[in-house]
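Okay, so here's the structure we're looking at.
This is a predicted model, so every value here is computed, not measured.
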Amino acid sequence: MADKHDLRHVVSDAPRVMVVDGSKLVRKLIGDTLRKALPSADVVGCAGLTEARAALAEGSVDLVTTALVLPDGDGLALARVVREAAGQAYVPVIVVSGNAQETLETRAFTEDVTDYFDKSLGQEALAAFIRGYVHPAPVEGARVLYVEDSRVVAVATKRMLERQSLQVLHVVSVEEALDHLHRYLGRSDGDVGADLILSDVYLKGALSGRDLLNQIRAAFRYGKRKLPMVMMTGDDNRDNQAALLREGANDLVLKPIEERLLVTKVLFQLRLSKLG
């Protein structure tokens, strides 16, 4: 039996992976990327919904990537088909799209879609993303500046991150986080004091996580690759979520925190920043 903290999304040693895209070239590119990340995978390419339904009728799948727009439907409809076929089984459904950011900002993804990948980030980043979904790998020595004023939440979340060999500096306010970052400002070695910031949006202090995000992007002028920011929120208001992404958040994690998704998103952003 796997350890309960084993974060693999694909638990089979020989997973069946479905790649759905109207472009034969894109199917080949994503298929090749998947085979490198999962050498034992059986990659099934499908041009659209009809072929995907036929593939699902032949057997279950362990992971799905899909375009948002398909010749005979769309990726959201495909995600529903996969969920219905899978029953209670967890199957990651990843939308690979050129306008994923726009779709994410409008919160147009449904609960059937696990995550998105913006294809403009390139094949190397896609390989890192897929490897993260197969088995999130630690980023050795990575430092997370974690802003959370609830002691109970902080203890649990810090433990999740430290299980992945991440160094976690926990502070309870934006003011403390800014003090820490100011101590590193202008260093000749380029060290900004953290490799990623994980912050709750709503904090009891005078400044919110959104204020911290705006300070990082506007005052410090650290871009998304220089200092990634993942925001945690219990607010399911789509407009508020979209605003955080427009203002420079790399990604959002909704509360209550699900360990597998939190760690996958944090490690992916850390790997992506190393590519930059």
Self-check item: N-O pairing of Asp62 and Arg16 below 4.0 Å
Solution: no
Quiz item: Just wondering, do Thr66 and Ile94 contact through their side chains at under 4.5 Å, heavy atoms?
Solution: no
Quiz item: When hydrophobic residues are tied together by side-chain contacts of less than 4.5 Å, even through go-betweens, does Leu185 share a cluster with Leu145?
Solution: yes
Quiz item: Under the 3.5 angstrom rule, does the side chain of Asp211 hit a backbone N or O of Ser208 as a donor-acceptor pair?
Solution: yes
Practice problem: Kindly check if the number of other-residue, nucleotide or ligand heavy atoms within 6.0 Å of CZ (Arg151) is above 12? | Solution: no
Quiz prompt | Heavy-atom check, side chain of Leu262 versus side chain of Thr157, under 4.5 Å | solution = yes
Exercise. May I ask you to say whether Lys28 pairs ionically with Asp32, meaning some side-chain N is under 4.0 Å from a carboxylate O?
Key: yes
Quiz prompt | Check: Arg210 side chain, Val201 main-chain N or O, donor-acceptor pair, under 3.5 Å | solution = no
Quiz item: Does Glu148 come within less than 4.0 Å of Lys158, counting only side-chain N to carboxylate O?
Solution: no
Quiz item: Would Val19 and Val26 satisfy side chain to side chain contact (heavy atoms under 4.5 Å, CB included), going step by step from the backbone distance to the final call?
Solution: CA-CA 9 Å; Val19 178; Val26 171; over 6 Å; no
Quiz item: Is there a side-chain contact between Val69 and Asp74, using heavy atoms and a 4.5 Å cut-off?
Solution: no
Quiz item: Where the side chain of Ser273 meets the backbone of Leu270, is there a donor-acceptor pair that is under 3.5 Å apart?
Solution: yes
Practice problem: I would like to know whether Leu252 and Leu245 meet side chain to side chain contact (heavy atoms under 4.5 Å, CB included); could you show each step before the answer? | Solution: CA-CA 8 Å; Leu252 306 177; Leu245 293 160; 4.2 Å; yes
Quiz item: Would a distance-only check, ignoring hydrogens and angles, find a side-chain to backbone donor-acceptor pair under 3.5 Å from Asn250 to Pro228?
Solution: no
Exercise. Determine, for Asp235 against Lys255, whether the closest basic-nitrogen to carboxylate-oxygen distance falls under 4.0 angstrom.
Key: no
Under 3.5 Å donor-acceptor pairs involving side-chain atoms of residues 42-49, not counting sequence neighbours:
none

Self-check item: Fellow cluster residues of Leu25, listed by chain then number, with links counted only when side-chain atoms sit under 4.5 Å apart
Solution: Leu29
Quiz item: If you round to the nearest 0.5 Å, how far is CZ of Arg221 from CD of Gln215?
Solution: 13.0 Å
Exercise. Just do the side chain to side chain contact (heavy atoms under 4.5 Å, CB included) check on Ile197 and Ile216 with the steps written out, would you?
Key: CA-CA 10 Å; Ile197 294 179; Ile216 297 301; 3.9 Å; yes
Quiz item: Just how far is it from atom CG of Leu212 to atom CE of Met231, taken to the nearest 0.5 Å?
Solution: 6.5 Å
Quiz item: Are Tyr202 and Asp149 side-chain neighbours, meaning at least one heavy-atom pair lies under 4.5 Å?
Solution: no
Exercise. Examine distances only and state if a side-chain atom of Asp200 and a backbone atom of Leu203 form a donor-acceptor pair shorter than 3.5 Å.
Key: no
Exercise. Please examine the side chains of Val139 and Gln164, heavy atoms only from C-beta on, and report whether any two atoms are closer than 4.5 Å.
Key: no
Quiz prompt | Pairwise side-chain contact, Leu63 with Thr65, heavy-atom cut-off 4.5 Å (strictly under) | solution = yes
Self-check item: Side chains of Leu126 and Ile30 in contact at under 4.5 Å (non-hydrogen atoms)
Solution: yes
Quiz prompt | For Lys226, all residues meeting side chain to side chain donor-acceptor pair (under 3.5 Å), sequence neighbours excluded | solution = none
Practice problem: Applying side chain to side chain donor-acceptor pair (under 3.5 Å), run through Ser120 and Asp118 and close with a yes or a no. | Solution: CA-CA 5 Å; Ser120 68; Asp118 194 322; 2.8 Å; yes
Quiz prompt | Residue from Leu227, Val192, Leu178 passing side chain to side chain contact (heavy atoms under 4.5 Å, CB included) with Phe220 | solution = Leu178
Quiz item: Charged N to carboxylate O below 4.0 Å: is that the case for Glu247 and Arg217?
Solution: no
Quiz item: Charged N to carboxylate O below 4.0 Å: is that the case for Arg143 and Asp195?
Solution: yes
Exercise. Please say which of Val266, Leu166, Ile257 ends up in a side chain to side chain contact (heavy atoms under 4.5 Å, CB included) with Met160.
Key: Ile257
